[in-house]
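Inspection log for the structure reproduced underneath, given as structure tokens.
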Amino acid sequence: MGHQGARSPQDSRDGYQGARSPQGGRDGAPGSPVPQSPSGSSVSAFNKKPRSVEVTTGSAAVFEAETERAGVKVRWQRDGSDIGASAKYGLAAEGKRHTLTVRDVCPADQGSYAVIAGSSKVKFDLKVTEAETVSHEKTEPAVAPTPEEAPGAPREVPTPVTEWEENVPSPEGSGPGSQGAPDDLIGLFLARPQDGEVTVGGSIVFSARVAGASLLKPPVVKWFKGKWVDLSSKVGQHLQLHDSYDRASKVYLFELHITDAQATSAGGYRCEVSTKDKFDSCNFNLTVHEAMGSGDLDLRSAFRRTSLAGTGRRTSDSHEDVGTLDFSSLLKKRDSFRRDSKLETPAEEDVWEILRQAPPSEYERIAFQHGVTDLRGMLRRLKGMKHDEKKSTAFQKKLEPAYQVNKGHKIRLTVELADPDAEVKWLKNGQEIQMSGSKYIFESIGTKRTLIISQCSLADDAAYQCVVGGEKCGTELFVKEPPVLITRSLEDQLVMVGQRVEFECEVSEEGAQVKWLKDGVELTREETFKYRFKKDGQKHHLIINEATLEDAGHYAVRTSGGQALAELIVQEKKLEVYQSIADLAVGAKDQAVFKCEVSDENVRGVWLKNGKELVPDSRIKVSHIGRIHSWGKAGCPVAGPFLSLSVPCFSSLSEVKIDFVPRQEPPKIHLDCPGRTPDTIVVVAGNKLRLDVPISGDPAPSVVWQKTVTQEKKAPAGPSPGAPEDAGAEEEWVFDKKLLCETEGRVRVETTKDRSVFTVEGAEKEDEGVYTVTVKNPVGEDQVNLTVKVIDVPDAPAAPRISNVGEDSCTVQWEPPAYDGGQPVLGYILERKKKKSYRWMRLNFDLLRELSHEARRMIEGVAYEMRVYAVNAVGMSRPSPASQPFMPIAPPGEPTHLTVEDVSDTTVSLKWRPPERVGAGGLDGYSVEYCQEGCSEWVTALQGLTERSSLLVKDLPTGARLQFRVRAHNVAGPGAPVITKEPVTVQEILQRPRLQLPRHLRQNIQKKVGEPVNLLIPFQGKPRPRVTWTKEGQPLAGDEVSIRNSPTDTILFIRAARRTHSGTYQVTVRIENMEDKATLVLQIVDKPSPPQDIRIVETWGFNVALEWKPPQDDGNTELWGYTVQKADKKSMEWFTVLEHYRRTHCVVSELITGNGYYFRVFSHNMVGSSDKAATTKEPVFIPRPGITYEPPTYKALDFSEAPSFTQPLANRSIIAGYNAVLCCAVRGSPKPKISWFKNGLDLGEDARFRMFSKQGVLTLEIRKPCPYDGGVYVCRATNLQGEAQCECRLEVRGKEHVGQSRDPGLSSAVPAQTEPLAARTPWLAPGGLGRHHGLSASLLQSLSDQGGSPEVNRYRWMPEVQKGVGGAALSAIACVCVCVCVCLLGWGGLASSCTRQVC
């Protein structure tokens, strides 16, 4: 019930509310009011939150958090899983400071981490980078790295951590599974931009992260500098905005990049993010440092505009001022400058606070002073955040929103009243505070009223209200519990193995909770057998019964206010022999016993005879009881053996001689009790049980301890046929005895010459029973039964049951514990706590004898849990499981302002307001009842409940006088009723008809064509009046206009308005001869038609005079003006010359000479501009002074060239019957004439030869050559400039000669098959003619390589291939190969001819 006042947007965004700590207190600064956020989310429990860091591989990452108070339990998590102390993670807590250390960081450690304290959870990230990358990024030649930016050191990521969750589940309920769903966010930022520093000329990046998992659309982010300068309009070379979206993490990243920073870049910045229903923003600062040496002094820097923080001077927020000079300091100061200086506002003033307190008439002046240019945006923003606060008439000064006080201190709550005689009431959680002793003191001085609360306790942590008349003001009081301090620390201890260890400390508060830890691990009560915890007022003890080497270490006791540490050192005992082996003389066939006593009872001994180990058998028995090692033998021989006992670190060897002795006294047990039946021995569970039984006898008797074990023996599952049924024979008890002979462990037996000791360490329930001690020697025996009873605290009762829940009370019931611990239960202790708290509060200090209790003084609307302890003479049991959570709820108050709105012959309309006090149970609905006047029987007017605050009661008898009452209901039941003050007569009342015409309908109603028209006019009158609509005196007709009437209003509705709907409408309401009328004027407007008859009046110089006539249709509204546009005849791009021009003629100037122009005119009204424009039909040419163009003269160049072969012919060796091709390349200008010759004969007339010439590439195709075609071929090129020729030798081989040796004379002319194709066809070389004509080097290389590969040559010339494939097939294959090569080379004509031949 915290009070919330009006706050600025920044306050509402960054506001917080105190959160209850697990101890029932509140977080917040002492003595200061704790503001609240509108959503009611609680404030963080952290004073200092861990930040995201970026570290290099192999280094350590340290996260630090500081809680509001010491002793708060803090948990660290990674990806939703708890982190414990290990070799990887180090956890440390010192007072309020908590530290998480991640050692030897590797890329696998990168991820999201979190720290939880109470109901607050803070998330942060660990980013791992390689050492080389970080070192490279940090190296800047112009800027020396700061200590935080040193390579290899952890550095902060520019984005901080924001609290994601408040009011997270309790630690018991948290787990990895709870991370799947999004939490309740505070704001929208995951990481906010941080303050930055940069030197002049440097670069900096500000980044913001926004969670997108719960967003349907991307958020809108705006960056501002100063108050209102939007940086999106300043984007350019030195300022850039970037955004990205990570689909894996569903996080939006927005970045602001500032490069080449200048001094004017410094100042305050703001980042705003908004979604459909949320808004958040954050502020950050940029500091720009001068990077200037002693010798780099620049005189211009004295006149450069700067924006250093704290100067108080306004600087430009845009980047146009970067690098500009300001010589105003050299000018003479004038009065005008003084006046302007008065208008300047200090930088720390909040423009929003000024606007909220100023009248609307001052908005424009304030916006001008603060450099606000977007006035419309300012008004929209101000309208959304400004709240009209109603001035209180009862209070001059109200309570603060919240107060905080330390436990045990005093607090004063003060208000100032407007009326000093007004009556004041103080409420606590809705209940009036009564004067009771010195706890509450009411103070009245003048108009001040003060409530003083003395000795504040956790019960005073509540909501308080001050009521004056009908007004209230409220606050919340947070009681902060002081931490528990350690007044006397622990002391280091040095003990031997087996000794008792006791650590003792003293704290500042009696009964405080402490934790004991060993090497950082908490010691729990499950280890009671090993450790015992003891409380004695302010003293706390940790007891270790028998210390072992494993118990050595560092022990700590921790409280909410600190911890104390001590070291325990456990050393081994030095083994000593207290009693050595002695000679023994016994009688023949008597028992001989040899004993040896050492200093440590846990050392194992080995008996040797003549150097060999004795093996126990039926005659030889070896025993070890405590520190005594013994060996016995029945029927000793006359000769005495050599015996020795070997123990670690010690050995003894002695000769034993056996003599004969006569028998002596029988054994006997000596007990201090009358008779032979001793009393029952009672021991408390957990304590040590030691039964010391004195014995006597000579020779020394043997002692046997036995425990009677009771077993239940079940009868057979079914009786035999015909056997009589006997209920008592179904089960029987069988008693057995268990031999106790162990000499070490928890249960052990130690026997000496004159006594036997039975010891039980940490007695348990199973140790209870009857123990039999039997002593025996050759003379006789003796036996005694000892009854041992183990008593303990009772078992924990079952979870209590809650019933009869009221406004501040409930009834708690429980059952007795299943086991009372061996002692009767003396009573019970009841505790309760709030559901979200960890602190249990004791409800009774005297034991409760009954099994039920009525708990009172609870806060309504707060969920509670109960638990119970059982107490007997031994102590208090463990707590029972907590009861089911319950919430004290009271019925709501009575509804208010019950009135009768309307009455007819059979109905009554009722209306009321909700009750003033609804309570935590909410409001389920209302019930309405009525009864006849003078009658006490109430009739339900409505079945069930209604959630509305009004009801029409129907079917009532006409003329009856009825009383009505209304009740409010919730889960606690119905509240008090409210009854009408006087009976209501059910009868119609005549009321004159009257139209209530709204103010906006009393003037002309303007609507655009196509828009819907919806005119609602309320009216009054009883009985229901008749409504009539007319237009221009005629009744309305048609489907386009519809009339809808109700008992209280009438509606004229037009779905899509048209121009014909304009006119005067009249509505009339009539009851009998009474009527009322109203007139409405509806004006349907549309866009105007274009202007008419546009013409060019005159043209001179750079000017053109235009003239036009108004449009024929003005759209049924006033014309606002015209828009004149021009377009260049060449580009036909239209540019606006005049806007909102009112006249019908204008002059267009500043035209470009030499260009032709078209002109057009649009007409405008309130709807918009005309769809079409009036355009000039012919262009207007703007003449320019005459200029004669003289084309330049050029000298003719001679490109003629004599023919020359760039690629000559190459010698070839071909196979007869397969087409062959000879190629070469030639150049020359003009184009030379080509002739081919064979052995001097012209081939131009021979049809077997085909010649091609394309782009200088000459080709001769020989179709199916025969051996006769071999010889010397010559290609001749001739033009006017000269002549050139080249030749080659062609060898044609028959098929039968394939594979045979060639003519030695041709060996030089025909290249070897292993020679690369490039060597045989130089034009295929990378630098040859093929490259010259556009073939790629890779293609030429491929052809060259393939042509020279052994596989291709082998396949080409194999005789087997020629034999297996016919001549026609080989010819086709060869032709296809030639076609492919020709196509690759671009010889289209030859390729087509080859293709035709193959086909």
Inset, instruction - Identify the heavy atoms of Gly196 and Phe206 that sit nearest to each other, and give their distance. - result: N-CE2, 3.9 Å
Inset, instruction - Determine the sole option in Glu94, Arg558, Lys515 for which the side chain to side chain donor-acceptor pair (under 3.5 Å) test with Gln563 is passed. - result: Arg558
Legend entry - Nearest heavy-atom neighbours spanning Leu126 and Ala61: CD1-CB, 3.8 Å
Legend entry - Any donor-acceptor pair under 3.5 Å from Thr559 side chain to Val484 backbone: yes
Inset, instruction - Determine, for Arg192 against Asp280, whether the closest basic-nitrogen to carboxylate-oxygen distance falls under 4.0 angstrom. - result: yes
Inset, instruction - If the plane angle is over 60° it's perpendicular, under 30° parallel, otherwise tilted; pick one for Phe124 and Tyr113. - result: parallel
Inset, instruction - Spell out, as yes or no, whether a donor-acceptor pair under 3.5 Å connects the side chain of Asp109 to the backbone of Cys106. - result: yes
Legend entry - Heavy-atom check, side chain of Tyr245 versus side chain of Leu253, under 4.5 Å: no
Inset, instruction - Would you confirm whether Ser508, through its side chain, and Leu485, through its main-chain N or O, come within 3.5 Å as a donor-acceptor pair? - result: yes
Inset, instruction - For residues Leu241 and Trp223, determine if any side-chain heavy atom of one lies less than 4.5 Å from a side-chain heavy atom of the other. - result: yes
Legend entry - Note, Ser265 side chain near Leu286 side chain (heavy atom, < 4.5 Å): yes
Inset, instruction - Please confirm whether the backbone N or O of Val229 pairs with a side-chain atom of Lys225, one donor and one acceptor, at under 3.5 Å? - result: no
Legend entry - Residue pair Trp76 / Ala65: nearest heavy atoms and the distance that separates them: CH2-CB, 4.2 Å
Legend entry - Beyond-backbone contact of Leu91 with Thr99, side-chain heavy atoms, under 4.5 angstrom: no
Inset, instruction - Please report the closest heavy-atom contact between Glu550 and Lys518, naming both atoms and the distance. - result: O-NZ, 3.5 Å
Inset, instruction - Just jot down the side chain to side chain contact (heavy atoms under 4.5 Å, CB included) partners of Glu504, sequence neighbours excluded, or say none. - result: Arg488, Lys539, His541
Inset, instruction - For residues Gln571 and Leu494, determine if any side-chain heavy atom of one lies less than 4.5 Å from a side-chain heavy atom of the other. - result: yes
Legend entry - Flag side-chain contact, heavy atom, 4.5 Å: Val220 against Phe279: no
Legend entry - Partner set under side chain to side chain contact (heavy atoms under 4.5 Å, CB included) for Ser86, not counting sequence neighbours: Lys88, Tyr89
Legend entry - Glu567, CD: over 12 other non-hydrogen atoms inside 6.0 angstrom: yes
Legend entry - Any donor-acceptor pair under 3.5 Å from Thr57 side chain to Thr129 backbone: yes
Legend entry - Minimum side-chain heavy-atom gap Val62-Leu100 below 4.5 Å: no
Inset, instruction - Would you kindly say whether Asp230 and Ser232 are connected by a side-chain donor-acceptor distance under 3.5 Å? - result: yes
Legend entry - Student check: side-chain heavy atoms of Val115 and Val74 closer than 4.5 Å: yes
Inset, instruction - Please confirm whether the backbone N or O of Leu542 pairs with a side-chain atom of Glu502, one donor and one acceptor, at under 3.5 Å? - result: no
Legend entry - Main-chain N/O of Thr259 paired with Ser203 side-chain donor or acceptor, under 3.5 Å: no
Inset, instruction - Indicate whether the side chain of Gln262 and that of Asp260 have a donor and an acceptor atom separated by less than 3.5 Å. - result: yes
Legend entry - Side-chain donor or acceptor of Arg75 paired with backbone N/O of Asp82 under 3.5 Å: no
Inset, instruction - Evaluate the ring planes of His257 and His242, with Trp represented by its six-membered ring, and classify them as parallel (under 30°), tilted (30 to 60°) or perpendicular (over 60°). - result: perpendicular
Legend entry - Separation of Glu290 CD from Thr199 OG1 (nearest 0.5 Å): 9.5 Å
Legend entry - Heavy-atom closest pair, residues Leu188 and Thr275: CD1-CG2, 4.0 Å
Legend entry - Side chains of Glu197 and His289, donor plus acceptor under 3.5 Å: yes
Inset, instruction - Determine yes or no for a side-chain-to-main-chain donor-acceptor pair under 3.5 angstrom, with Ser207 supplying the side chain and Phe254 the backbone. - result: no
Inset, instruction - Give a yes or no answer on whether the side chain of Asp195 reaches the backbone of Phe284 with a donor-acceptor pair at less than 3.5 Å. - result: no
Legend entry - Derivation and outcome, side chain to side chain donor-acceptor pair (under 3.5 Å), residues Gln194 and Arg51: CA-CA 11 Å; Gln194 294 295 291; Arg51 294 176 176 267; 3.1 Å; yes
Legend entry - Presence of salt bridge, Glu865 and Lys835, under 4.0 angstrom: no
Inset, instruction - Work out which heavy atom in Pro218 is nearest to a heavy atom in Tyr252; give both atom names and the distance. - result: CA-OH, 3.6 Å
Legend entry - Neighbour count above 12 (heavy atom, 6.0 Å) for Lys222 NZ: no
